[in-house]
Amino acid sequence: MESMPEPATPRKGPPPLRVRRWIGFTVLGESVGFLIPVTAFALAAALSLDGWTAWAWLVVFGAGEGALLGLGQALGLRGSRATVPFAGWIAATAVAASVAWGIGMLPSTLIDAGVAIDMTSPVTWVIAAPAALTLLATIPVAQRPLLARAGVVRSWWWVPINMGAWLVGIVFTFLPSPWVDESTPAAVTFALFAAAGVLMATTVAVLTGLGLRWMLRRQGGAPREAVRSTADT
């Protein structure tokens, strides 16, 4: 008597996202990465760099921050339904971070160059508001095509989720300012901004991790090939 064949066990796909893994690697990457522009600020002061020279200096070092953030995020995504290519993700994040630093440093650079910026003028806010939105959108806009290629459905959600997370996280970078001036020891300044960087990184990591898990859970456990055609819808 022939035995009945056992039913095939359905193959389980990867988990949507291991949020703790994402948070851990993202916090590590951004916290260490943020020390790069912090160091650049200190070096610029020590070398008496100012104006557009200091602006270019920070833009270059900002790419280093983006590269480490991208590395941490790529490691956090490994083994999930949104696994991305390391090289492409790191490069996109590094370039986007450099652009973001370029936008963020423009007001102080223009003021150093002698340009009068009237914060009470409507024209100033007409220019500043789109610039601020562009700054917040640089990294997720650069990363979004890679998520779409990884099969993430409605990957455009990544942009507003990140913009909201960075809007909250960046607030922490301003906290040390009231306690830092020319007389503050370098070690104290470095420690204060390092702590601010960790708080910013943790905030961004938690909010983007929860947002990305929500995105991936919406598409269910379908294989990547089955969802790729709808990733851009």
Side-chain angles (χ1 to χ4, degrees), residues 16-19 21-23 25-27 29-30 33-34 37 59 62-63 65-78 80-106 125-173 197 199-220 222 224 227-233:
L17 180 71
R18 296 182 178 91
V19 176
R21 177 185 176 93
W22 166 269
I23 292 174
F25 278 114
T26 301
V27 170
E30 174 59 18
F34 187 66
V59 167
E65 177 191 5
L68 288 183
L69 170 62
L71 174 60
Q73 290 179 327
L75 287 169
L77 290 172
R78 174 176 280 185
S80 73
R81 294 181 197 158
T83 299
V84 294
F86 272 57
W89 188 270
I90 292 170
T93 310
V95 172
S98 182
V99 172
W101 271 99
I103 297 172
M105 290 294 297
L106 272 179
W125 288 102
V126 167
I127 298 173
L133 291 175
T134 301
L135 185 155
L136 294 172
T138 49
I139 290 178
V141 166
Q143 293 174 336
R144 184 256 176 185
L146 295 170
L147 285 179
R149 291 174 198 163
V152 177
V153 175
R154 297 179 180 87
S155 56
W156 58 267
W157 271 109
W158 185 240
V159 177
I161 287 172
N162 266 264
M163 290 178 70
W166 282 104
L167 181 62
V168 177
I170 285 176
V171 172
F172 290 105
T173 64
L199 291 173
M200 175 183 67
T202 303
T203 301
V204 172
V206 170
L207 294 178
T208 55
L210 294 175
L212 183 56
R213 184 177 65 177
W214 170 76
M215 290 170 57
L216 295 173
R217 281 182 171 176
R218 291 185 69 199
Q219 73 185 38
R224 179 175 299 182
V227 301
R228 190 182 298 275
S229 61
T230 61
D232 297 322
T233 61

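The minimum heavy-atom distance linking Leu146 with Ala92 is given by the pair CD1-CB, 4.3 Å. Taking every heavy atom of both residues into account, Ala142 and Ala96 meet most closely at CB-CB, 3.8 Å. Pairing each heavy atom of Gly66 with each of Ala97, the nearest pair is CA-CB, 3.5 Å. Residues Ile103 and Ala131 come closest through the heavy atom pair CG2-O, 3.6 Å. The shortest heavy-atom contact between Gly33 and Glu65 is O-CB, 3.3 Å.
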Original post:
Between Arg78 and Phe86, does a side chain to side chain contact (heavy atoms under 4.5 Å, CB included) hold up when you go through it step by step?
Top reply: CA-CA 9 Å; Arg78 174 176 280 185; Phe86 272 57; 3.5 Å; yes
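Donor-acceptor pairing under 3.5 Å is lacking for the side chains of Glu30 and Gln73. Under the 3.5 Å distance criterion, with hydrogens and angles disregarded, a donor-acceptor pair is assigned to the side chains of Ser155 and Arg144.
Considering only residues two or more places apart in sequence or on other chains, Ala91 meets the side-chain contact (heavy atoms from CB on, under 4.5 Å) condition with none of them.
Two residues are said to be in side-chain contact when any heavy atoms from C-beta on lie closer than 4.5 Å; Thr202 and Phe172 fail this criterion. Side-chain contact between Trp158 and Val141 is absent, with no heavy-atom pair separated by less than 4.5 Å. Leu147 is listed as a side-chain neighbour of Trp89, based on a closest heavy-atom distance under 4.5 Å. Between Thr93 and Gln143 the shortest side-chain heavy-atom distance falls below 4.5 Å.
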Throw together a table of side-chain donor-acceptor distances under 3.5 angstrom for residues 204-215, partners on residues two or more places apart or in other chains.
unit_1: Thr208; atom_1: OG1; unit_2: Trp22; atom_2: NE1; d: 3.2
unit_1: Thr208; atom_1: OG1; unit_2: Val204; atom_2: O; d: 2.6
unit_1: Thr208; atom_1: OG1; unit_2: Ala205; atom_2: O; d: 3.3

All N/O donor-acceptor pairs, side-chain side in residues 132-140, below 3.5 Å, sequence neighbours left out:
unit_1: Thr134; atom_1: OG1; unit_2: Pro130; atom_2: O; d: 2.7
unit_1: Thr138; atom_1: OG1; unit_2: Leu135; atom_2: O; d: 2.8

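Listed for the Arg21 side chain is a donor-acceptor partner under 3.5 Å among the backbone atoms of Leu75. Using a distance-only test at 3.5 Å, with no hydrogens or angles considered, a donor-acceptor pair links the side chain of Thr173 to the main chain of Ile170.
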